[in-house]
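See structure below.
All values derive from a computational prediction rather than experimental measurement.
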Amino acid sequence: MPKVDRRIAKSQEAIKKAVLELMSEKNFDDITIQDISDRANVSRGTVYLHYLDKYDLLDKLIADHINEMRVICESASELDFIDANRPWFEYLESNYLFFSTMLASKGAPSFRNQFREFLVEEFKDEVDITKGKNHGLNEDIILQFIVTSYVGIVEWWITNGMPYPPQVMAEQVGMLLERNL
């Protein structure tokens with residue numbers, strides 16, 4: 001992987017932070033490239049150097065976080081649900097601005113859909129309807145139940161200002177997953 005120039009990385013981070021801050025203040029449709037460049041303290045040309053438009057910027061921002069969550073899942077794949085959830089909730093906490101903006105914003109419904117699709121992929125191998133408590137149940141229904149619950153609990157936790165620390169969330173959600181999968 002080629003090394004990214006620190007100035008480029010710094011500009012991209014400033015641009016991403018700017019769009020998130022703006023989205024927490026107003027509707028995504030009302031945000032302009034000029035707003036983003038002003039907030040990031042870069043020129044409009046710099047924004048266009050890295051992104052086609054604000055939609056491309058948002059898509060890449062979402063993809064970055066989905067990819068990072070995928071890495072977390074891969075690294076935790078051999079752990080039980082409680083231990084596997086700890087890095088998840090720590091990541092959510094450390095990226096609070098992104099997740100709170102994406103889950104609260106009417107301008108970013110694509111994030112919620114991509115988040116759901118990602119979770120379906122991650123949980124589908126955990127569903128076993130051949131034996132145990134889920135024997136004879138419909139795999140799609142179980143999967144949708146788990147994914148919808150997971151998205152809902154993350155959304156509740158983030159939008160309520162993370163009332164419990166990541167460790168507590170990991171333990172509680174992990175136990176609930178173990179009971180249902």
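- Remark: the Q34 side chain and the D38 side chain contain an N/O donor-acceptor pair separated by less than 3.5 Å.
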Stepwise side-chain contact (heavy atoms from CB on, under 4.5 Å) check, K54 with V19: CA-CA 8 Å; K54 68 181 184 178; V19 77; 5.7 Å; no
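- Counting heavy atoms from C-beta outward, K10 and D5 have side chains that stay 4.5 Å or more apart.
- Of the candidates K26, K16, R39, R39 is the only one forming a salt bridge (charged side-chain N to carboxylate O under 4.0 Å, His left out) with E21.
- The closest donor-acceptor contact from the side chain of T148 to the backbone of F145 lies at 3.5 Å or more, if one exists at all.
- The distance from atom CG of N138 to atom CD of Q144, rounded to the nearest 0.5 Å, is 10.0 Å.
- Atom-to-atom distance recorded for I36:CD1 and D53:CG is 9.5 Å, nearest 0.5 angstrom.
- Cluster membership check: F81 does not share its hydrophobic cluster with M175, using side-chain heavy-atom separations under 4.5 Å among Ile, Leu, Val, Met, Phe, Trp and Tyr.
- In this structure, the side chain of N27 does not engage the main chain of D30 through any donor-acceptor pair within 3.5 Å.
- For the residue pair A14 and A40, the shortest heavy atom distance occurs at O-CB, 3.5 Å.
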Step-by-step side-chain contact (heavy atoms from CB on, under 4.5 Å) determination, V147 to E121: CA-CA 10 Å; V147 167; E121 288 300 311; over 6 Å; no
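- The environment of N41 atom CG is sparse: at most 12 non-hydrogen atoms of other residues, nucleotides or ligands sit within 6.0 angstrom.
- Atom-to-atom distance recorded for L177:CG and F123:CZ is 4.5 Å, nearest 0.5 angstrom.
- Residue pairs meeting the side-chain hydrogen bond (donor to acceptor under 3.5 Å, both in side chains) criterion with at least one partner in residues 170-181, sequence neighbours excluded, are Q167-E171.
- The salt bridge (charged side-chain N to carboxylate O under 4.0 Å, His left out) search around E139 returns none, not counting sequence neighbours.
- No donor-acceptor pair closer than 3.5 Å links the side chain of W88 to the backbone N or O of I72.
- Looking only at distances, no side-chain donor or acceptor of N160 sits under 3.5 Å from a matching main-chain atom of P163.
- Atoms CD1 and CG, on I66 and D59 in that order, are 11.5 Å from each other to the nearest 0.5 Å.
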Trace of the side-chain hydrogen bond (donor to acceptor under 3.5 Å, both in side chains) decision for N113 with S110: CA-CA 5 Å; N113 292 336; S110 66; over 6 Å; no
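- By the neighbour-count criterion of 12 heavy atoms within 6.0 Å, atom NZ of K133 is densely surrounded, having more than that number from other residues, nucleotides or ligands.
- Clustering ILVMFWY residues whenever any of their side-chain heavy atoms sit less than 4.5 angstrom apart, transitively, puts V127 in a cluster other than the one holding L79.
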Verdict with supporting geometry, I8 and H50, side-chain contact (heavy atoms from CB on, under 4.5 Å): CA-CA 9 Å; I8 292 171; H50 300 291; 3.4 Å; yes
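- Cluster annotation: Y55 is not connected to L49 through the hydrophobic network of ILVMFWY side chains, with a link wherever side-chain heavy atoms come within less than 4.5 Å.
- Looking only at atom types and distance, the side chain of R70 has a donor-acceptor partner in the side chain of N67 under 3.5 Å away.
- D56 meets the side chain to side chain donor-acceptor pair (under 3.5 Å) test with K60; sequence neighbours excluded.
- Two residues are said to be in side-chain contact when any heavy atoms from C-beta on lie closer than 4.5 Å; N134 and D128 fail this criterion.
- Considering all non-hydrogen atoms of both residues, Y164 and W157 come closest at O-NE1, 2.7 Å.
- Classification of the F111-F98 ring pair by plane angle, with boundaries at 30° and 60°, yields perpendicular.
- The hydrophobic cluster containing L20 also contains F28, counting ILVMFWY residues as joined when their side-chain heavy atoms lie under 4.5 angstrom apart, directly or transitively.
- Between Y51 and L61 the shortest side-chain heavy-atom distance does not fall below 4.5 Å.
- Contact check for V154 versus V173: no side-chain heavy atoms found under the 4.5 Å cut-off.
- Cluster membership for M169 and Y96, using ILVMFWY side-chain heavy atoms within less than 4.5 angstrom, is shared.
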Check against side-chain contact (heavy atoms from CB on, under 4.5 Å), V47 and V42: CA-CA 7 Å; V47 176; V42 299; 3.9 Å; yes
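- Ring pair F115/F99 is tilted by interplanar angle, where 30° to 60° counts as tilted.
- No side-chain heavy atom of S37 sits under 4.5 Å from any side-chain heavy atom of Y48.
- The nearest pair of heavy atoms linking E93 to P166 is OE1-CG, 3.3 Å.
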